[in-house]
Amino acid sequence: MDNVHFDDVNELIKRRIEEYNLLKENGVNPFEYSFNVSGYSTDIISNYDENVEQNVSVAGRIIAIRRMGKASFTHIVDVKGKIQIYLKADELGSQYDNFKLFDIGDLIGIEGKVFRTKTGEISVHAYKVVLLTKSLRPVPTPKEIIDESGNKVVFDQFTDKELRYRQRYLDLILNREVKDVFVLRSKIISAMRKYLDDAGVLEVETPVLQPIYGGASARPFVTHHNALDIPLYLRIADELYLKRLIVGGFDAVYEISKDFRNEGMDRTHNPEFTMLEVYVAYKDYEWMMDFVENMIKHVCLTVFEKTVFEIEGHSVDFGQKWQKVSMVDSLKEKTGLDLLTVSDEELLKTAIKYGVDISQAKSRGKLIDELFGIVIQPLLFQPCFVVDYPVETSPLAKKHRSKTGIVERFEGFVIGREICNAFSELNDPIDQRERFESQLKDKEKGDEEAQVLDEDFLRALEYGMPPTAGLGIGIDRLIMLLTNQNSIRDVILFPTMKPVK
RNA sequence: GGAGUGAUAGCUCAAUGGUAGAGCAGCUGCCUUUUAAGCAGUUGGUUCCGGGUUCGAGUCCCGGUCACUUCACCA
């Protein structure tokens, strides 16, 4: 005991260490090396056949114990779910005595036969029970019942959000639905990869540490490389590197990776987040619209086997053709303002009228973005593509082939939330240089998120980039939508937290 | 960054400015098909941290920490 170090020893931990010592005295290894498992809890239950004797071996963590003297019931959870175990003293002998020293939280292995109890629960009648890992910390003990209407009711649920995020392992042990969300997250990303791979798009990896950050409007994290003695930035987007690869002759590439933006945190923002970017040569944004639409539909069908989702009270159908909404036309319709011809003064006046905070909007492009966000965005429930963005808001997008002052860009929206951003990529290096220079002017005006000029990227464009369609999808937000989660922290396993103390 | 709300036993929560409590978990008994098992008994507290007011502070005041909600910014 004296050589045991816990930062917060209490009676419960002391008792568990005592049990750990007693078990060792009984010749039990409290930290076993392996255990052969024949199947998982929920599979055992669904494969039960009362006419066939089935012997199984399962392993899992004890979440409940009901001791009745010379017999006991315990529930264990494994990766798929939970199952009840029945143990009898006269059948287990010394193993039963050891079981008396087991606690909620311990990991155990069981061999036994499947049966149905008097009260109807399919369980495992153990003829062997071994301790696999002794849990030295008390695990919280929520309890649940199924009420008359068949709904699950949980008592003393582990709900403290701070503890759940900081100690996600406990959250995963105790809240089944949390694990389900992350399994879905994995499946969604797999389905996207499969779709992209099957479409002949090559998965690549580009630098996270960049001497010049670019590809998005955001403030970066800065770090320092000791040997080179230079600052390096954690990437805010993959865009400029992926386009260099298109210049290099790959004609379709994608990357799924973490981006980092040094900005505020809230329900929809984590400092590091997962982004998918796709670039396909010889295609334009019209082609990309069909591509996104089909990819999302494919994900819905393979992971959820449906295209209609109930999201915040709205029935959203990812199976229908996505409607196109023109930013310029819709704003003209609602506000009477023609973005293409309006003067700066007139734009400012209208922005104020609709409640745009002009102290934050440093540029014309930002004002237009804000105005759209307030006036039109909340109206877009069904999946749709917003098109016809003014050139000011999109420094990396190609000018529209027929409409002046407009770029070939679209953003996908679902129930008023943006889920993707794409353009016909700007590949004219002279135009690109002018756009960067215009961004520099915004930066001088105080726009900290304005993009910086990347000379090597311009040089790459000068060698010639084929016409290219590009796409970005914020994966975390897409997963929030599809799994009906209200906070980005509920789709990120270990969200960024401020350290305690 | 602003505003609001909150932090009490391992977990979930109570407590007019007046002895910090309950349920679960734990511990001691009894109990060989229970299931929020049951019955009897019992342990457990830096009330987030630091000041202040008061005869007396979990409670009121000030400062701080962390979280959540919301606004701003952004994806």
Side-chain angles (χ1 to χ4, degrees), chain A residues 8-16 18-19 63-75 82 84-92 96 103-105 115-121 123 125 135-147 152-167 170 174 216-219 236-237 259-277 356-357 359-362 366 369-370 373 411 417-421 447-449 472-478 480 486-489 495 497-501:
Chain A
D8 54 351
V9 179
N10 59 35
E11 290 307 313
L12 300 177
I13 290 175
K14 277 184 189 157
R15 170 62 190 166
R16 282 166 182 247
E18 196 180 309
E19 287 166 343
I63 53 159
I65 305 177
R66 290 176 293 283
R67 300 183 198 273
M68 297 178 300
K70 296 187 178 63
S72 295
F73 287 91
T74 179
H75 268 103
K82 68 175 180 178
Q84 180 171 253
I85 312 296
Y86 178 56
L87 308 107
K88 278 171 87 170
D90 54 7
E91 294 171 345
L92 292 164
Y96 195 84
D103 279 299
I104 289 169
F115 77 115
R116 189 190 290 271
T117 65
K118 268 185 192 166
T119 47
E121 180 163 350
S123 310
H125 187 135
S135 168
L136 296 181
R137 276 186 188 275
V139 174
T141 54
K143 304 208 169 187
E144 58 184 56
I145 56 164
I146 308 297
D147 70 8
K152 190 169 86 170
V153 182
V154 183
F155 299 86
D156 299 335
Q157 187 164 22
F158 183 67
T159 50
D160 186 305
K161 281 202 175 174
E162 183 168 1
L163 287 178
R164 286 183 47 212
Y165 296 144
R166 288 191 195 278
Q167 296 180 253
L170 276 184
L174 298 167
S217 301
R219 294 163 66 187
I236 58 171
D259 285 351
F260 307 85
R261 297 189 186 174
N262 203 343
E263 289 165 351
M265 294 164 58
D266 62 23
R267 202 167 59 74
T268 56
H269 295 83
N270 197 62
E272 57 177 298
F273 61 100
T274 302
M275 188 77 165
L276 162 68
E277 290 195 32
V356 173
D357 178 2
S359 66
Q360 296 291 337
K362 307 278 184 193
K366 283 225 156 195
D369 232 17
E370 295 286 323
E411 289 190 318
R417 301 195 219 159
E418 183 197 330
I419 60 161
C420 68
N421 184 19
D447 184 351
E448 292 186 82
E449 292 168 359
I473 297 183
I475 297 292
D476 310 283
R477 289 188 180 175
L478 180 66
M480 282 170 68
N486 185 44
S487 169
I488 198 167
R489 298 189 147 199
M497 299 290 282
K498 200 161 177 177
V500 191
K501 279 179 192 177

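Just so you know, these numbers use all the heavy atoms, side chains as well, and skip hydrogens, waters and symmetry mates. Convention: sequence-line order gives letters A, B, ...; per-chain numbering from 1. Note that the coordinates shown come from a computational prediction; the quantities given were computed from them, not determined experimentally.
Taking 4.0 angstrom as the limit, A:K161 places none of its side-chain polar atoms (N or O) nearer than this to OP1 or OP2 of B:A67. Residue A:R66 places no side-chain N or O under 4.0 Å from the OP1 or OP2 atom of B:U34. Taking only side-chain nitrogens and oxygens, A:K143 comes nearer than 4.0 Å to OP1 or OP2 of B:A25.
Nucleotide B:C11 holds its P atom 8 Å from the CG atom of A:D160, rounded to whole Å. Distance, A:H75 NE2 to B:A36 P: 10 Å, rounded to whole Å. Taking atom NE2 of residue A:H125 and atom C1' of nucleotide B:U32, one finds them 10 Å apart after rounding to whole Å. Between A:L92 atom CG and B:U32 atom C1' there is a gap of 12 Å when expressed in whole angstrom units. Distance CG (A:L170) to P (B:C11): 9 Å, rounded to an integer number of Å. When the C1' atom of B:A36 is taken as reference, atom CD of A:Q157 falls 13 Å away, rounded to whole Å.
A:K88 comes within 4.0 angstrom of a base, heavy atoms only. A:G474 comes within 4.0 angstrom of nothing in the nucleic acid, heavy atoms only. Residue contacts shown for A:R15 are limited to sugar-phosphate atoms, with no base heavy atom under 4.0 Å away. The residue A:R164 sits apart from the nucleic acid: no heavy atom pair falls under 4.0 Å. Within the nucleic acid shown, A:T159 comes within 4.0 Å of sugar-phosphate atoms alone, with no base atom in reach, counting heavy atoms only. Note on A:N486: nothing from the nucleic acid sits closer than 4.0 angstrom, heavy atoms only. Nucleic acid contact class of A:D90 (heavy atoms, under 4.0 Å, all strands): base. In this structure, A:D266 reaches the bases: a heavy-atom distance under 4.0 Å links it to at least one base atom across the strands shown. No contact: A:L174 has no heavy atom under 4.0 Å from any strand. Within the 4.0 angstrom heavy-atom criterion, base atoms lie near A:R67. Within 4.0 Å of A:M497, counting heavy atoms only, lie sugar-phosphate atoms of the nucleic acid but no base atom. Among the heavy atoms of the strands lying under 4.0 Å from A:Y165 are primed sugar atoms or P, OP1, OP2 only; no base atom is included. Within 4.0 Å of A:Q167, counting heavy atoms only, lies no atom of the nucleic acid at all. Among the protein residues, A:R16 comes within range of no part of the nucleic acid, since none of its heavy atoms lies under 4.0 Å from any strand.
Of the candidate nucleotides B:U33, B:C66, B:C31, B:U33 has the atom nearest to the side chain of A:F115. Candidate nucleotides B:C68, B:C66, B:C27 were compared by shortest atom distance to the side chain of A:E162, and B:C66 ranks first. Listed nucleotides: B:G10, B:C66, B:U33. Nearest to the side chain of A:N10: B:G10. You'll find that the side chain of A:T141 is closest to B:G10, out of B:G10, B:A67, B:A36. In the set B:C11, B:U70, B:A67, the nucleotide with an atom closest to the side chain of A:K498 is B:A67. Listed nucleotides: B:C11, B:U34, B:C68. Nearest to the side chain of A:T119: B:U34.
Between B:U47 and B:G17, the distance separating the two C1' atoms is 15 Å to the nearest Å.
On a pure distance criterion of 3.5 Å, a polar donor-acceptor pair joins the side chain of A:T117 and the base of B:U34. For A:E121 against B:U35, a side-chain-to-base donor-acceptor contact under 3.5 Å is present. With hydrogens and angles ignored, no donor-acceptor pair closer than 3.5 Å exists between the side chain of A:D156 and the base of B:C13.
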A:R15/A:E19 under salt bridge (Lys or Arg N to Asp or Glu O under 4.0 Å): CA gap, chis, key distance, verdict: CA-CA 6 Å; A:R15 170 62 190 166; A:E19 287 166 343; 3.3 Å; yes
Original post:
Going through the distances and angles, do A:R164 and A:L170 end up as a side chain to side chain contact (heavy atoms under 4.5 Å, CB included)?
Top reply: CA-CA 7 Å; A:R164 286 183 47 212; A:L170 276 184; over 6 Å; no
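Side-chain atoms of A:R267 and A:N486 form a donor-acceptor pair, as typed in the model, at a separation below 3.5 Å.
B:U19 is unpaired under the Watson-Crick or G-U wobble criterion, no partner having all donor-acceptor distances under 3.5 Å. When both pairing distances are held under 3.5 Å, B:G56 makes no Watson-Crick or G-U pair with any nucleotide shown. For B:A7, the paired base is B:U65 (Watson-Crick or G-U wobble, both distances below 3.5 Å).
Around the CZ atom of A:R66, the shell of radius 6.0 Å holds more than 12 heavy atoms that belong to other residues, nucleotides or ligands.
For A:D476 (side chain) and A:T274 (main-chain N/O), a donor-acceptor pair under 3.5 Å exists by modelled atom type.
The aromatic rings of A:H125 and A:Y86 stand perpendicular to each other, their planes meeting at an angle above 60°, with 30° marking the opposite boundary.
Closest non-hydrogen pair, A:R261 versus A:A218, comes out as CD-CB, 3.4 Å.
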